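See below for the structure under consideration.
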There are 2 protein chains.
Amino acid sequence: MPTAKPATGALPVMADVARLAGVSHQTVSRVLNDRPNVRRETREKVLAAIRELDYRPNTAARSLVTRRSQTLGVISFDSTLYGPSQMLYSIEQAARSAGYFISIASLRYQDVRSVREAVDRLRDQAVEGIAVIASKASTVAALAQHVGTVPMVAVGPTDPGALSGAGVDNQAGAEAAVRYLLDLGHRTVHHVSGPADWLDANAREAGWRGVLTDQGREVVPSLRGDWSARSGYEAGQRLARDESVTAVFCANDHMALGVLRALHEAGRRVPEEVSVVGFDDIPEAAYLTPPLTTVRQDFAQLGRRGLELLLQRVEAPAAPGGREASGAGHRAAIVAPELVLRASSGRPRS
Amino acid sequence: MPTAKPATGALPVMADVARLAGVSHQTVSRVLNDRPNVRRETREKVLAAIRELDYRPNTAARSLVTRRSQTLGVISFDSTLYGPSQMLYSIEQAARSAGYFISIASLRYQDVRSVREAVDRLRDQAVEGIAVIASKASTVAALAQHVGTVPMVAVGPTDPGALSGAGVDNQAGAEAAVRYLLDLGHRTVHHVSGPADWLDANAREAGWRGVLTDQGREVVPSLRGDWSARSGYEAGQRLARDESVTAVFCANDHMALGVLRALHEAGRRVPEEVSVVGFDDIPEAAYLTPPLTTVRQDFAQLGRRGLELLLQRVEAPAAPGGREASGAGHRAAIVAPELVLRASSGRPRS
DNA sequence: CACCTGATTGTTTGCGCTCACAACACAGGT
DNA sequence: ACCTGTGTTGTGAGCGCAAACAATCAGGTG
């Protein structure tokens, strides 16, 4: 088991393997790259030599000559939130099984300058494509300016503007949640939204508003949150003071959690007096007090689909006519969300 | 603002810059690498040419000759959990500001084979060092076998066995929590632990057990969880049935959340009848019902300190005597946790 | 038997860069 | 006039690999 090796300072190179196997370095290269036209016997000799020396090809040399880095970049802005960290994970898994390395660039701020820096950084590394865990509309717009320089896809929201991508149908999810609440008998539904300019937040709000409008319900002003439990709590305090509130749709689970807390503090019972519905289905949702009705997103699938799209672009036979990616295949993979019913929602009392 | 460039298929190389600036390629290289002994005027001519061509150095060529990849690897096992994703983020930030790229390898399973694959994968990429977001003792042991081949540090638990690293003092945190509960007047404290073999879980359990033993309290058997809210919920159901339980220390916040849920369902009031304390201080902790007393970990600092240690190893003047890293500088940076008091804990009734 | 075909292997070249070394100019001291 | 040192620039080589091309050998074909 212990790798027996002379441990001469220098690492073995292809020529060493070739010498040991009694072939030319080119034959070693052929074996390494699974080229045809190598005799079985020869191939095995080479493989044995590789094992014996614990040889590993030098990626720098390889990519210098092939002009391919086998690396994809991921730009992430809130890799600390539940959704983004899930997506990052599934992207990495998918990339690995496709034979790519993953290099990450996570940004603290979403200003144009940071975006540019991240793209530059990844380009310096010669990534072959970039997956963006997208969030704000303006950020995606900034990113889109670089789309000519390197293949790029967005992972997350359905409509990332200028970028192709894989996304959850936020609007459909929101609609399902709101329709469900109205069907239970609520006269209208309040909304705690995500931060302005966020794609997911906007789509969810649009879905909410759309259903209310379509059904001729009163559209109460939504309360603006920032995804955090704290902001949900603050919104919840305001909602709790309003006796007419019987149903609240929150743009994510963490805010819903804060709303639940605020309602509890104010003595308003959930679901008897107020129904609360979230979005995401974080693993804790089922264990909140009360367990949270929510809209589930399949983040893992999102990551996989997004990466598929990216690889299509990366491996596409380089642009037939001119600059690729311009208008051509502006595709999107849309993943359907699922409403998960739990105890935080029910019929209104009256 | 728009990058005016001829967009001839081929990217500019150093020779192009040299020609445009009227110098030799070597001078361009000197400018790029901030070498001294370049006249100001010359340097500026070169920089202008670089800007004009939007030239960017080819990293593959550079690392072929320098034998440095400027890349660090991160191995993560549960990049989806709160703590690990935080640490990943802070490691990335720190690496960037030190001028390194980050390549990640996140594993689904922690068996020896997966570990070996991850290390191989990163070595294939010629990373200069590896930061491990450590979790299980056996995994760290498996990793430690590779420590001779590439600098490696653990980020997370205090005592990662054979690896150096930066960690939170789990034991001290647990001790503080348990002592606090005992000081409130509880006769003993129950424990919902993390999964067996996990370093953090073991240290926290040891801290809990130590204080009870020291103070001559009854050491009740701990309940084994798996970090998830679900497992906390199941443990909570059992604890709720036991009337003698007045205080519970949970090895993380998500399990504490499950415990809270179970106690609530069973009609046992928190903190009046039972006090609950968690570990981590997730952002939601303050908004649970009731707000959770917990032990805060500074994950950001952990990541930073861990990376510092790694860079020390990476940039150390390559091994004076023989194989480095063996016994030499087995250092660890220990970060102190902090007990955060909230409403889920209080004096027992009697 | 000369000739072509395809499978297998080897030789040469160059990817873009940094390093070691050489070359040159210009200062001051002898 | 010479040498010596210092700052500045250029030249040549080679990092490890894959692509293009060349060479060799076997087995047909007419």
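Here is how names work: the chains are called A, B, and so on, in the same order as the sequence lines, proteins then strands, and each is numbered from 1. Note that the structure is predicted; figures quoted are calculated from it, not measured.
With V13(A) as the fixed residue, the side chain to side chain contact (heavy atoms under 4.5 Å, CB included) test singles out one of V17(A), D16(A), L11(A): D16(A).
The residues E308(B) and R304(B) are annotated as not salt-bridged, no charged nitrogen and carboxylate oxygen being separated by less than 4.0 angstrom. Classification of D124(A) and R121(A) as a salt-bridged pair fails, no side-chain N sitting under 4.0 Å from a carboxylate O. Under the 4.0 Å criterion applied to side-chain N and carboxylate O atoms, K45(B) and E41(B) are not assigned as salt-bridge partners.
Taking atom CZ of R62(A) as the reference point, atom C1' of dG14(C) lies 18 Å away to the nearest angstrom. Atom CE in M14(B) sits roughly 6 Å away from atom C1' in dC17(C) (whole-Å rounding).
When all heavy atoms of Y100(A) and V314(A) are compared, the closest pair comes out as OH-CG1, 3.9 Å. Taking all atoms of both residues into account, the shortest heavy-atom contact from I133(A) to P84(A) is CD1-O, 3.7 Å. Between V153(B) and R313(B) the shortest heavy-atom distance is CG1-CD, 4.1 Å.
Map L64(B) and H25(B) each onto its nearest nucleotide of DNA chain D; the residue landing nearer the 5' end is H25(B). Positionally, the nearest nucleotide of DNA chain D for V23(B) lies more toward the 5' end than for the other of T59(A) and V23(B).
In summary, the side chains of Q110(A) and S135(A) do present a donor paired with an acceptor at a separation below 3.5 Å, with no hydrogens or angles considered.
The shortest distance between the side-chain N/O atoms of R30(B) and the OP1/OP2 oxygens of dT18(C) is not below 4.0 Å. Distances shown here put a side-chain N or O of S29(B) below 4.0 Å from the OP1 or OP2 atom of dT18(C). Residue T27(A) has a polar side-chain atom (N or O) positioned under 4.0 Å from OP1 or OP2 of dG10(C).
Residue R35(B) is in sugar-phosphate contact alone, with no base atom involved, counting any heavy-atom pair closer than 4.0 Å across all strands shown. Residue V13(A) is classed as a sugar-phosphate contact, given heavy-atom separations below 4.0 Å to backbone atoms only.
F299(B) is linked by a ring pair (Phe, Tyr, Trp, His ring centres under 6.0 Å) to Y82(B), counting only residues two or more places apart in sequence or in another chain.
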Pairs under 3.5 Å (N/O, protein and nucleotides 6-8 of chain C):
unit_1: dT8(C); atom_1: OP2; unit_2: N37(A); atom_2: OD1; d: 3.4

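Distances from the side chain of A61(B) to the nucleotides dG16(C), dT11(C), dT18(C) place dG16(C) closest.
For DNA chain D, the outermost nucleotides in 5' to 3' order that have an atom under 4.0 Å from a heavy atom of chain B are dT8(D) to dG16(D).
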